[in-house]
K.L.:
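My questions all concern the structure below.
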Amino acid sequence: MRLRSFLRVFFLLLICWVLLTWPFPGTPGLWEKWILGIVLSALVAYLEIRSLPEFPLYLPISPIRFFWCLVYGLRFFQLMVVANIDVAYRVLHPSLPIKPGIVKVKTHLKNPLARMILANSITLTPGTLVVDMDSDGFIYVHWICVACQEEENARKIIVEPFEEILKKIFE
């Protein structure tokens with residue numbers, strides 16, 4: 001399993017390297033670029049595979065799951081646009097109305113891949129950043145403007161918009 005994952009990541013990185021450097025015939029240093037790309041791709045793939053926890057990165061394909069993935073993408077895009085507008089308002093406001101802090105929220109997701117996607121979605125939404133995750137399901141989030149310190153209220157604002165759809169996809 002690890003070898004197949006290594007090879008997938010290695011070839012994906014090597015393709016990205018080739019597309020980014022795009023060696024034209026007759027370019028000086030063509031072989032050096034290829035060798036450097038192969039070595040770096042192998043090194044990064046090795047380090048990446050070592051750091052990832054072992055869990056299956058696939059799910060059985062079904063039309064319902066595909067539908068909920070589309071719904072999740074639309075919901076994520078909507079929340080990202082709203083968060084971008086909110087952060088832009090805070091940056092452009094003369095008094096810079098921020099109240100940063102770290103809040104502890106609990107997720108009810110059991111699947112580790114679902115938890116990882118939840119944490120990445122929270123991090124990709126402007127104004128929030130996942131700082132740490134426990135194996136108990138607690139997520140520590142740095143919030144640009146802490147609206148509430150109570151765990152359940154913060155959970156409703158930060159986690160629930162993503163979690164409900166992720167449950168339908170993964171569980």
K.L.:
Side chains of L166 and L109, heavy atoms from C-beta outward: is any pair under 4.5 Å?
P.N.:
yes

K.L.:
Drop me the distance from T107's OG1 to F162's CZ, to the nearest 0.5 angstrom.
P.N.:
11.5 Å

K.L.:
Where is the tightest heavy-atom contact between P126 and N84, given as atom of each residue plus distance?
P.N.:
CG-OD1, 3.3 Å

K.L.:
Listed by chain and number, what are the side-chain contact (heavy atoms from CB on, under 4.5 Å) partners of P97, not counting sequence neighbours?
P.N.:
Y89, R90, H93, S95

K.L.:
Excluding sequence neighbours, so at least two apart, what forms side-chain contact (heavy atoms from CB on, under 4.5 Å) with L43?
P.N.:
L47

K.L.:
In a table with atom names and distances, give each donor-acceptor pair under 3.5 Å that connects a side chain of residues 131-139 to protein atoms at least two apart or in another chain.
P.N.:
unit_1: D134; atom_1: OD2; unit_2: Y140; atom_2: OH; d: 3.4

K.L.:
Rounded to the nearest 0.5 Å, what separates atom NZ in K167 from atom CD in E160?
P.N.:
8.0 Å

K.L.:
Partners of R115 by side chain to side chain donor-acceptor pair (under 3.5 Å), sequence neighbours excluded?
P.N.:
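With sequence neighbours excluded, R115 shows a side chain to side chain donor-acceptor pair (under 3.5 Å) to no residue whatsoever.
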
K.L.:
Counting only pairs under 3.5 Å, give me each side-chain donor-acceptor contact of residues 67-83, with atom names and distances, residues two or more places apart or in other chains.
P.N.:
unit_1: Y72; atom_1: OH; unit_2: S121; atom_2: OG; d: 2.4
unit_1: R75; atom_1: NH1; unit_2: Q78; atom_2: OE1; d: 2.7

K.L.:
Under a single-linkage definition using a 4.5 Å side-chain heavy-atom cutoff for Ile, Leu, Val, Met, Phe, Trp and Tyr, are L118 and I102 assigned to the same hydrophobic cluster?
P.N.:
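L118 does not cluster with I102.
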
K.L.:
Any Lys/Arg nitrogen of R155 or E163 sitting under 4.0 Å from an Asp/Glu carboxylate oxygen of the other?
P.N.:
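Salt bridge flag = yes for E163 with R155.
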
K.L.:
Please say yes or no: joined through hydrophobic side-chain contacts below 4.5 Å, possibly via intermediate residues, are V44 and I38 part of one cluster?
P.N.:
yes

K.L.:
Do I117 and F170 have side-chain heavy atoms sitting under 4.5 Å apart?
P.N.:
yes

K.L.:
Of all residues at least two apart in sequence or in a different chain, which pass the side-chain contact (heavy atoms from CB on, under 4.5 Å) check with N120?
P.N.:
M116

K.L.:
Can you list, by chain and residue number, the hydrophobic cluster partners of I144 when the side-chain cut-off is 4.5 Å?
P.N.:
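Members besides I144, by chain and number: L96, I98.
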
K.L.:
Who passes side chain to side chain donor-acceptor pair (under 3.5 Å) against E164, sequence neighbours left out?
P.N.:
none

K.L.:
What's the shortest heavy-atom distance between A42 and F6, and which atoms?
P.N.:
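Of all heavy-atom pairs spanning A42 and F6, the closest is O-CE1, 3.5 Å.
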
K.L.:
Hydrophobic side-chain clustering at under 4.5 Å (ILVMFWY, transitive links): who's grouped with I35? Put none if nobody.
P.N.:
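Members other than I35 - counting any ILVMFWY side chain reachable under 4.5 Å - are V39.
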
K.L.:
According to a hydrophobic-cluster definition based on side-chain heavy atoms being under 4.5 Å apart (Ile, Leu, Val, Met, Phe, Trp, Tyr only), do L20 and F11 belong together?
P.N.:
no

K.L.:
Quick check: do T21 and W34 have side-chain heavy atoms less than 4.5 Å from each other?
P.N.:
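Side-chain contact under 4.5 Å: no.
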
K.L.:
Roughly how far, to the nearest 0.5 Å, is the CG atom of L40 from the CZ atom of F10?
P.N.:
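Spacing of CZ (F10) from CG (L40) equals 10.5 Å.
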
K.L.:
Step by step, work out the side-chain contact (heavy atoms from CB on, under 4.5 Å) result for L129 and W143.
P.N.:
CA-CA 7 Å; L129 175 72; W143 203 356; over 6 Å; no

K.L.:
Who are the salt bridge (charged side-chain N to carboxylate O under 4.0 Å, His left out) partners of E151, not counting sequence neighbours?
P.N.:
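E151 satisfies salt bridge (charged side-chain N to carboxylate O under 4.0 Å, His left out) with no other residue.
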
K.L.:
Flag the pair L13 / W17 as yes when at least one side-chain heavy-atom distance between them is below 4.5 Å, and no otherwise.
P.N.:
no

K.L.:
Is the shortest side-chain heavy-atom distance between T128 and T123 below 4.5 Å?
P.N.:
no

K.L.:
For E32, what residues pass the side chain to side chain donor-acceptor pair (under 3.5 Å) criterion, not counting sequence neighbours?
P.N.:
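Applying side chain to side chain donor-acceptor pair (under 3.5 Å) to E32 gives none.
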
K.L.:
Rounded at 0.5 Å granularity, tell me how far CD in E48 sits from CZ in R8.
P.N.:
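It comes to 14.0 Å.
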
K.L.:
Do you know which two heavy atoms are closest between V103 and C148, and how far apart they sit?
P.N.:
CG1-O, 4.0 Å

K.L.:
Excluding sequence neighbours, so at least two apart, what forms side-chain contact (heavy atoms from CB on, under 4.5 Å) with L12?
P.N.:
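With sequence neighbours excluded, L12 shows a side-chain contact (heavy atoms from CB on, under 4.5 Å) to no residue whatsoever.
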
